[in-house]
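Below you'll find the structure, written out as structure tokens, and then a few comments.
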Amino acid sequence: MAEKRRLNLSLNLSAPHQREAWNILRAIPSGKRTDAVCRMICDSHRRDVLLEGIRTVIHEELRGVEFISAKEKTEEPQAGDVDENVLGFLLALQQEEGDTTDPLF
């Protein structure tokens with residue numbers, strides 16, 4: 001024998017969400033309402049679990065991210081600005097070129 005459980009539901013039509021639920025349930029053909037309600041509950045539960053998982057992943061990924069507001073942002077290097085390391089490298093190359101005794105230079 002199939003095991004069954006019974007649920008009685010009373011809706012207060014002066015409450016907006018309950019009135020909306022009643023209108024949705026009323027539109028479902030008689031004899032298909034139990035299956036429709038079960039499907040809606042299961043879909044809602046799966047969606048909630050999925051959203052919680054997404055929130056958890058986003059939270060974990062953003063944990064190591066540091067945001068800097070536009071006011072805190074340091075001045076961007078402009079075209080023509082040269083890094084000190086580049087200048088030091090070029091100076092070293094010039095000095096090496098002057099010290100070389102190779103006739104090809």
Please tabulate, for the side chains in residues 24-34, all donor-acceptor contacts under 3.5 angstrom to protein atoms that are two or more places apart in sequence or on a different chain.
residue: R26; atom: NH2; partner: N23; partner atom: OD1; Å: 3.2
residue: R33; atom: NE; partner: L25; partner atom: O; Å: 3.1
residue: R33; atom: NE; partner: I28; partner atom: O; Å: 2.9
residue: R33; atom: NH2; partner: I28; partner atom: O; Å: 3.3

If two hydrophobic side chains count as joined below 4.5 Å and joins carry through other members, does L9 share a cluster with V37?
-> yes

For atom CD of E61, decide whether the heavy atoms of other residues, nucleotides or ligands shown that lie under 6.0 angstrom number more than 12.
-> no

Which atom pairs, one a donor and one an acceptor, fall under 3.5 Å between side chains of residues 41-58 and the rest of the protein, sequence neighbours left out?
residue: D43; atom: OD1; partner: R46; partner atom: NH1; Å: 2.8
residue: T56; atom: OG1; partner: E52; partner atom: O; Å: 2.9

